Student: 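Please see the structure below; I have some questions.
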Amino acid sequence: MASKIPTYDVQAVSINILISGTPGVGKSTHAAELASRIGLKYININDTAKEGDMYDGWDSELESKILNEDMILEEIGLLIKKGGCVVDYHSCDLFPKSWFKLVFVLRTDNTVLYDRLKERGYNEVKMKNNIECEIFQELLEEAREHFGIDSVIELFSNYVDDIEKNLEIMIATIKGLK
Ligand SMILES: Nc1ncnc2c1ncn2[C@@H]1O[C@H](COP(=O)(O)OP(=O)(O)O)[C@@H](O)[C@H]1O
């Protein structure tokens, strides 16, 4: 059966796109699929850090490694210069403003997010911090402040059906910007 998924001229997407949002909202799910559908290079910052051991220490409260941001920026800077990247990271103000013309911030209702993070085995502190981050829409505000309100699009990622709808909006927006 022929695929219903539209294909696009992959050469044409030269801008870089950031997908941000609290851990668990669906950044990786959306970013990987977006990249494969329109031929973007998918860059997951946490994976990049892991592969290159780009850390500055250990946060014992959050039970997570602290990223060496300079190393990360140097590592992906060349790819960003070439264009056509979709970057997946929860925060955004470490990136130079000029890198991204378009930022999607995914949002998830607290109860749904709670279940997703619990399934990941997050400890109580990490859980509380992330749920509060989502309640106070900290990452949406950070993105709007850093990149400007016109560059930031908020999308909801609660249900499986949202993924397809969001991807359609993302692709239409990218095509509109080219
Ligand atoms: N819109 C959605 N509806 C249902 N489940 C989702 C949705 N988005 C993500 N998920 C699921 O939630 C979990 C976290 O998604 P993930 O993409 O890893 O989030 P993030 O990259 O933001 O941490 C995964 O198990 C994923 O399958």
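Numbering of residues begins at 1 and proceeds along the displayed sequence. Counting convention: from 1, in listed order, for ligands and their atoms alike. These numbers were taken from a predicted model, which means no experiment stands behind them.
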Student: With a 4.0 Å cut-off, would you call E164 and R37 a salt bridge?
Tutor: yes
Student: Taking the non-hydrogen atoms of G21, is any one of them nearer than 4.0 angstrom to ligand 1?
Tutor: no
Student: For ligand 1, find out whether one of its N or O atoms is nearer than 3.5 Å to an N or O atom of D88.
Tutor: no
Student: Is a side-chain donor or acceptor of S157 paired with a backbone partner of V25 at a separation under 3.5 angstrom?
Tutor: yes
Student: If you link ILVMFWY side chains whenever their heavy atoms are less than 4.5 Å apart, which other residues fall into the same cluster as Y89? By chain and number, please.
Tutor: L18, I43, I45, M54, Y55, L67, M71, I72, L73, I76, L79, I80, V87, L94, F95, W99, F100, V103, V105, L140, F147, V152
Student: What protein heavy atom sits nearest atom 8 (N) of ligand 1, and how far away is it?
Tutor: S157 OG, 3.3 Å
Student: List the closest protein heavy-atom neighbour of atom 13 (C) of ligand 1: residue, atom name, distance to the nearest 0.1 Å.
Tutor: R116 CD, 3.9 Å
Student: Do ligand 1 and G26 have nitrogen or oxygen atoms that lie under 3.5 Å from each other?
Tutor: yes
Student: Checking T22 against N130: is there a side-chain donor and acceptor pair closer than 3.5 Å?
Tutor: no
Student: Which residue and atom name correspond to the protein heavy atom nearest atom 3 (N) of ligand 1, and how close is it?
Tutor: Y159 C, 3.0 Å
Student: Checking the side chain of N44 only, and the main-chain atoms of D47 only, is there a donor and an acceptor separated by less than 3.5 Å?
Tutor: yes
Student: Between OG of S64 and CG of N123, what distance do you get to the nearest 0.5 Å?
Tutor: 9.0 Å
Student: Can you pull out the closest protein heavy atom to atom 24 (C) of ligand 1? Residue, atom name and distance to 0.1 Å, please.
Tutor: T29 OG1, 4.6 Å
Student: Atom 23 (O) of ligand 1: which of R120, E33, H30, H90 has the nearest heavy atom?
Tutor: R120
Student: Taking it one step at a time, do Y42 and C85 satisfy side chain to side chain contact (heavy atoms under 4.5 Å, CB included)?
Tutor: CA-CA 6 Å; Y42 172 48; C85 298; over 6 Å; no
Student: Considering the heavy atoms of V160, write down every atom of ligand 1 situated less than 4.0 Å from one of them.
Tutor: 3 (N), 4 (C)
Student: In ligand 1, which numbered atoms sit nearer than 4.0 Å to a non-hydrogen atom of I163?
Tutor: 1 (N), 2 (C), 7 (C)
Student: For ligand 1, does N158 get within less than 4.0 Å through its side chain, its backbone, both, or neither, judged by non-hydrogen atoms?
Tutor: backbone
Student: Could you check whether atom 15 (O) of ligand 1 has a protein contact, counting only heavy atoms that fall below 4.0 angstrom?
Tutor: yes
Student: Just jot down the ligand 1 atoms closer than 4.0 angstrom to any heavy atom of K27, in number order.
Tutor: 17 (O), 19 (O), 20 (P), 21 (O), 22 (O), 23 (O)
Student: Apply salt bridge (Lys or Arg N to Asp or Glu O under 4.0 Å) to E141 and R107, showing your working.
Tutor: CA-CA 12 Å; E141 298 303 335; R107 308 293 313 283; over 6 Å; no
Student: Without swapping roles, check the side chain of N158 against the backbone of D109 for a donor-acceptor pair under 3.5 Å.
Tutor: yes
